[in-house]
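Only heavy atoms go into these numbers, but all of them, side chains included; no hydrogens, no water, no symmetry mates.
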Amino acid sequence: MIFLKTDEEIEKMRESNRLLGMAYGEVAKAIAPGVTTGQLDQLAHDFICDHGGYPSCLGFEGYPCSLCTSVNEQVVHGIPSKDVVLKDGDIVSVDGCVLLNGFHADSAYTFPVGEVSEEKMRLMRVTKECLYLGIEQAVTGHRLGDIGFAIQHHAEQNGYSVCREFVGHGIGREMHEDPEVLNYGRRGNGIVLKSGMTLAIEPMILMGRRNVVIEEDGWTCRTTDRKPAAHYELSVCVRNGKADILSTFEYIEQVLKERFI
């Protein structure tokens with residue numbers, strides 16, 4: 001069932017997304033060679049809780065942490081650990097959720113660690129472009145397939161693959177609501193988008209082949225060819241003419257400045 005949100009509910013979702021964005025700003029300050037993904041997780045957890053929210057990834061279907069931190073060839077759902085030390089040249093996707101005032105936020109950002117190759121930087125740039133091209137389609141009267149087509153077309157035009165095993169989703173009072181938002185598809189297919197629908201759009205784009213595997217921990221998804229992946233995500237509300245972006249990368253941008261992708 002798809003729930004259309006009221007204007008009041010949308011503003012509550014904007015508040016929860018702002019808190020998540022602020023937490024990512026703190027994470028951005030900490031990311032550097034030598035830092036562990038476990039440290040990033042603890043930092044985000046403490047910041048979110050100190051500001052009245054709850055990191056809703058924690059405990060979801062047994063997930064043990066507050067963030068997902070996926071390094072290099074890991075696509076999504078990498079588990080933070082004191083044993084995973086970030087190295088110069090890595091890229092790390094940070095994906096998390098916040099529950100505040102009864103509504104969830106969800107967004108993700110792929111960060112460069114130290115000096116990153118132009119090959120990886122290009123992958124991140126194109127993946128972020130895919131995100132915004134998908135968001136451009138999240139308007140009243142378009143169809144769900146229009147979002148997936150825009151993402152897939154841009155990724156493949158640039159020589160990349162789209163992860164098909166994991167998708168975006170509706171979001172609101174539940175972290176995962178209907179509908180699923182595929183990162184591939186055909187124009188004109190799928191349900192008609194209506195004003196008030198809230199979607200988490202999250203392209204996961206792979207430098208190599210689209211094949212992935214789940215690691216023994218039961219969570220971490222990585223590429224089978226071990227080539228890098230990038231992942232960006234924003235929560236949006238479908239509106240007439242232009243989607244309303246509820247999440248924010250502004251606090252990340254304030255920290256990264258000229259390194260902001």
Side-chain angles (χ1 to χ4, degrees), residues 1-18 20-21 24 56 76 93 95-98 103-110 124-158 160 162-205 230-250 252-253 261:
M1 182 177 292
I2 298 173
F3 299 98
L4 303 183
K5 310 304 189 297
T6 66
D7 290 346
E8 181 181 359
E9 290 172 332
I10 293 301
E11 292 312 307
K12 287 183 177 180
M13 291 185 67
R14 202 184 310 277
E15 289 175 16
S16 59
N17 276 283
R18 179 173 176 271
L20 182 56
Y24 283 166
S56 37
V76 285
S93 161
D95 185 9
C97 299
V98 161
F103 287 88
H104 291 268
D106 193 359
S107 65
Y109 194 90
T110 300
M124 291 191 292
R125 282 195 295 268
V126 171
T127 304
K128 195 175 179 188
E129 289 166 2
C130 286
L131 170 64
Y132 284 103
L133 288 168
I135 290 172
E136 284 180 8
Q137 299 301 315
V139 296
T140 306
H142 283 202
R143 290 183 177 268
L144 208 52
D146 297 334
I147 297 174
F149 175 84
I151 291 169
Q152 180 184 8
H153 180 71
H154 190 65
E156 293 178 351
Q157 259 197 335
N158 282 277
Y160 299 134
V162 174
C163 177
R164 299 188 179 210
E165 285 73 12
F166 294 92
V167 300
H169 50 89
I171 187 168
R173 292 190 181 276
E174 301 294 332
M175 186 164 64
H176 291 155
E177 297 182 352
D178 290 334
E180 288 190 341
V181 184
L182 277 60
N183 294 309
Y184 61 95
R186 289 188 295 171
R187 280 193 187 123
N189 273 25
I191 63 167
V192 176
L193 302 178
K194 297 181 179 180
S195 183
M197 291 175 61
T198 46
L199 309 173
I201 299 175
E202 51 176 321
M204 291 150 269
I205 307 301
H231 175 208
Y232 292 86
E233 176 181 19
L234 290 166
S235 296
V236 306
C237 179
V238 174
R239 291 299 195 197
N240 296 323
K242 185 178 181 181
D244 182 5
I245 300 176
L246 306 178
S247 307
T248 180
F249 292 150
E250 66 174 300
I252 297 172
E253 184 174 13
I261 301 299

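Within the 3.5 Å criterion, the main-chain N or O of Gln137 finds a donor-acceptor partner in the side chain of His142. Between the side chain of His169 and the backbone N or O of Met175 there is at least one donor-acceptor pair closer than 3.5 Å. Of the possible polar contacts, none joining the Tyr232 side chain to the Pro203 backbone as a donor-acceptor pair under 3.5 Å is found. Between the Thr127 side chain and the His231 main chain, no donor and acceptor come within less than 3.5 Å of each other. No donor-acceptor pair closer than 3.5 Å links the side chain of Lys5 to the backbone N or O of Gly172. A donor-acceptor pair under 3.5 Å is absent between the side-chain atoms of Tyr160 and the main chain of Val126, judged by distance alone.
Between atom CD of residue Glu9 and atom CG of residue Asp7 there is a gap of 9.5 Å, rounded to the nearest 0.5 Å. Separating the OG1 atom in Thr110 from the CD1 atom in Ile205 is a distance of 10.5 Å, to the nearest 0.5 Å. Rounding to the nearest 0.5 Å gives a distance of 4.5 Å between CD1 of Ile245 and CD1 of Ile135. For the atom pair CD of Glu233 and OG of Ser93, the computed distance is 9.0 Å after rounding to the nearest 0.5 Å. Rounded to the nearest 0.5 angstrom, Ser195 OG and Arg239 CZ are separated by 4.5 Å. Atom CD of residue Glu15 and atom CZ of residue Arg18 lie 9.0 Å apart, to the nearest 0.5 angstrom.
For the pair Asn17 and Thr248, the minimum side-chain heavy-atom distance is 4.5 Å or more. Proximity of Phe3 to Arg173: side-chain heavy atoms (C-beta onward) are nowhere separated by under 4.5 Å. Contact of the Met197 side chain with the Leu4 side chain is registered, since non-hydrogen atoms from C-beta on lie closer than 4.5 Å. Thr140 has its side chain within reach of Val238: a pair of non-hydrogen atoms, C-beta onward, lies under 4.5 Å apart. Residues Pro179 and Leu199 meet the side-chain proximity criterion, which asks for heavy atoms closer than 4.5 Å.
Smallest separation of non-hydrogen atoms from Ala200 and Ile171: N-CG2, 4.1 Å. Between Ala138 and Val236 the shortest heavy-atom distance is CB-CG2, 4.3 Å. Across every non-hydrogen atom of Leu20 and Gly96, the tightest pair is CD2-O, 3.3 Å. Closest approach of Ala243 and Val139 over heavy atoms only: N-CG1, 3.7 Å. Of all the heavy atoms in Met13 and His104, the pair that sits closest is CE-O, 3.9 Å. Contact record, Ser247 with Leu234: CB-CD2, 3.4 Å, taken as the closest heavy-atom pair.
For Tyr109 and Phe249, the ring centers are positioned less than 6.0 Å apart.
At most 12 non-hydrogen atoms from other residues, nucleotides or ligands lie less than 6.0 angstrom from CD of Glu8. Taking a 6.0 Å sphere around CD of Glu180, one finds it holds 12 or fewer heavy atoms contributed by other residues, nucleotides or ligands.
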Using distance only, find each side-chain donor-acceptor pair of residues 181-194 under 3.5 Å and give its atom names and separation, not counting sequence neighbours.
unit_1: Asn183; atom_1: ND2; unit_2: Glu202; atom_2: O; d: 3.1

Before you tell me yes or no, could you show the steps for Ser235 and Asp106 under side-chain hydrogen bond (donor to acceptor under 3.5 Å, both in side chains), namely the whole-Å CA-CA distance, both residues' side-chain angles and the distance that decides it to 0.1 Å? CA-CA 6 Å; Ser235 296; Asp106 193 359; 5.7 Å; no
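For the pair Arg14 and Glu11, the salt-bridge criterion is met [side-chain N within less than 4.0 Å of a carboxylate O].
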